[in-house]
Protein chains: 2
Amino acid sequence: MSLDLSVDRSSPVPLYFQLAQQLEAAIEHGSLTPGSLLGNEIELAARLGLSRPTVRQAIQSLVDKGLLVRRRGVGTQVVHSQVKRPLELSSLYDDLESAGQRPATKVLANTVVPASAEVAAALGLAEGTEVHRIERLRLAHGEPMAYLTNYLPPGLLDLDTVQLEATGLYRLMRAAGITLHSARQSIGARGATAAEAERLAEPEGAPLLTMQRTTYDDTGRAVEFGDHIYRPTRYSFEFQLLVRS
Amino acid sequence: MSLDLSVDRSSPVPLYFQLAQQLEAAIEHGSLTPGSLLGNEIELAARLGLSRPTVRQAIQSLVDKGLLVRRRGVGTQVVHSQVKRPLELSSLYDDLESAGQRPATKVLANTVVPASAEVAAALGLAEGTEVHRIERLRLAHGEPMAYLTNYLPPGLLDLDTVQLEATGLYRLMRAAGITLHSARQSIGARGATAAEAERLAEPEGAPLLTMQRTTYDDTGRAVEFGDHIYRPTRYSFEFQLLVRS
DNA sequence: GTAGTTCGATTGTCCGGACATACGGATTGA
DNA sequence: TCAATCCGTATGTCCGGACAATCGAACTAC
């Protein structure tokens with residue numbers, strides 16, 4: 001019954017990470033059933049030839065992911081699954097792709113414009129600064145799903161229309177060496193204007209889902225501001241969140 | 001310039017936690033300016049009379065919160081703020097209260113009903129099982145803001161209407177010893193039905209923001225399912241999220 | 001029978017050290 | 001002048017141990 005765990009000391013992959021991966025796989029695969037105890041850390045460490053801190057580090061990473069729960073005096077148990085995606089900072093493109101839908105993108109605009117007051121405030125620039133502005137229509141199964149407007153500060157990235165139609169914006173940014181760190185976002189709803197209605201093939205006044213997001217890199221610099229609208233019959237925000245204790 | 005950090009070894013508060021609090025306070029207060037280096041861990045440990053693992057644990061907790069960034073070979077720097085609330089599992093009540101608005105709640109229903117197929121699936125019960133059903137109208141400044149429908153499995157909690165009008169549901173659950181662990185939620189939009197429109201003082205067909213959420217405790221048991229609608233002119237979902245690397 | 005106590009088990013915290021690894025700047029070489 | 005290399009520095013990983021705090025169950029006393 002006990003898992004056959006093992007670590008490869010010659011691998012460059014950290015030992016705690018190897019262990020965490022194996023435990024996660026065992027949980028996913030069903031070898032470790034929900035609610036079952038994991039066995040105490042000391043014994044587990046001895047069995048694997050690891051030290052307790054290393055084993056603890058592996059377990060802790062899974063606790064942070066919400067897969068395990070520790071109880072002092074009791075042990076570490078597997079949470080009754082239900083955990084899937086802990087809400088990452090993901091692009092719509094990645095979301096769609098991982099959902100099996102092959103997303104298509106039509107770039108409607110890719111220009112440089114002076115920043116409006118709202119954009120300037122979001123990006124932390126002076127009003128009127130030249131910023132990139134891209135407008136994209138995202139389709140799934142040939143149907144329009146979302147209308148995406150993004151603003152990027154100057155000199156950060158070469159925005160190639162061809163690339164934008166082939167992949168997501170975040171991938172391009174990561175590929176350019178930008179390390180995304182955090183984002184502030186706001187999700188709301190409102191009725192479609194006439195122009196929006198036409199672009200999304202909805203009647204005027206139809207309910208739309210809206211999302212505004214400012215993304216920051218790890219130096220705290222704003223690297224992107226997006227103002228997006230979604231067809232609620234085609235898309236909704238699904239995510240999981242954990243209680244940080 | 002260097003902070004006056006200190007730890008109290010006689011305190012029951014863990015040393016790493018004391019240090020983390022002081023660092024966080026220094027960042028909040030501005031003593032540690034964004035972008036500044038934190039000084040290497042070894043020296044910091046020596047200065048405080050702590051070991052490096054303890055100092056690392058403190059720093060790591062702030063990295064997890066998004067306040068600090070570590071760079072190998074460089075050091076640990078303070079992120080250019082912008083970080084505020086990393087999206088907790090919060091109730092609308094708490095959100096409103098912390099925003100300075102004094103929320104009011106009107107309980108419109110508090111009964112026991114057989115679970116519909118949807119509710120049963122969400123709570124992991126058999127269809128037809130008796131569940132608590134509460135309907136609440138949430139107001140701010142006397143204006144209706146949201147219409148909240150919640151379902152709870154039987155035998156979990158005594159739902160007192162008076163308490164429900166005085167505080168939020170999550171607080172009652174926590175007070176009853178339930179440790180909330182995670183939640184799956186879905187945010188969308190649609191037009192208001194005639195009944196919804198009247199309850200929220202909106203015209204029929206008006207865009208509404210919708211949220212469905214199933215909350216689980218740390219054993220993985222579903223403890224609540226909510227089906228909520230919000231007036232988008234009065235409320236939107238604002239949150240911050242971090243990139244888990 | 002019930003309430004209080006003791007005790008084993010398990011995680012939480014903390015220590016001091018060791019070596020590996022990656023980044024950035026200085027140095028060196030073409 | 002520019003590119004490749006070296007090296008100091010700081011974090012990343014890992015070890016082995018020690019004691020404290022907490023939970024749950026068995027035990028005891030009333």
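The figures here come from the full heavy-atom set of this structure, side chains too, leaving out hydrogens, waters and symmetry mates. Lettering follows sequence order; numbering is per chain, from 1.
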Checklist entry - Starting at the 5' end of DNA chain D and moving along, which residue's nearest nucleotide shows up first, Pro14(A) or Pro12(B)? => result Pro14(A)
Atom pair distance, as rounded to whole Å: [atom1] in [X] and [atom2] in [N]:
X        : N       : atom1 : atom2 : value
Arg72(A) : dC7(C)  : CZ    : P     : 21 Å
Gln60(B) : dC14(D) : CD    : P     : 14 Å
Leu44(B) : dA10(D) : CG    : C1'   : 13 Å
Tyr16(A) : dC14(D) : OH    : C1'   : 11 Å
Glu43(A) : dT10(C) : CD    : C1'   : 12 Å
Gln18(A) : dT13(D) : CD    : P     : 12 Å
Ile42(B) : dG17(C) : CD1   : P     : 10 Å
Leu15(B) : dC15(C) : CG    : C1'   : 11 Å

Item to check | Arg70(B) vs dG12(D): side-chain N/O to OP1/OP2 distance below 4.0 Å | outcome: yes
Nearest to side-chain heavy atoms of [X], which nucleotide of [options]:
X        : options                   : value
Arg9(A)  : dT13(D), dT11(C), dC15(D) : dC15(D)
Thr54(B) : dG12(D), dG12(C), dC15(C) : dC15(C)
Arg56(B) : dT11(C), dT13(D), dC15(C) : dT13(D)
Ser51(A) : dT13(C), dC15(C), dG16(D) : dG16(D)
Asn40(A) : dT13(C), dC15(D), dT10(C) : dT10(C)

Next on the checklist: Using salt bridge (Lys or Arg N to Asp or Glu O under 4.0 Å), reason through Arg52(A) and Glu43(A) one step at a time and then give a plain yes or no.
Outcome noted: CA-CA 9 Å; Arg52(A) 185 155 88 111; Glu43(A) 195 262 342; over 6 Å; no
Checklist entry - Please walk me through it: do Glu165(A) and Arg138(A) pass salt bridge (Lys or Arg N to Asp or Glu O under 4.0 Å)? => result CA-CA 9 Å; Glu165(A) 300 211 328; Arg138(A) 186 84 83 201; over 6 Å; no
Next on the checklist: Quick check: closest heavy atoms across Pro153(A) and Ala222(A), and the distance to 0.1 Å?
Outcome noted: CG-O, 3.6 Å
Item to check | salt bridge (Lys or Arg N to Asp or Glu O under 4.0 Å) assessment of Arg71(A) paired with Asp218(B) | outcome: CA-CA 10 Å; Arg71(A) 277 184 223 277; Asp218(B) 57 2; 3.4 Å; yes
Checklist entry - With nearest nucleotides of DNA chain C determined for Gly73(B) and Arg52(B) from heavy-atom distances, which residue corresponds to the more 5′ nucleotide? => result Arg52(B)
Checklist outcome for this item: Result for 5'-nearest mapping on DNA chain C, choosing between Val74(A) and Phe17(B), is Val74(A)
Checklist entry - Under 3.5 Å, is there a donor-acceptor pair between the side chain of Gln18(B) and the main chain of Asp8(B)? => result yes
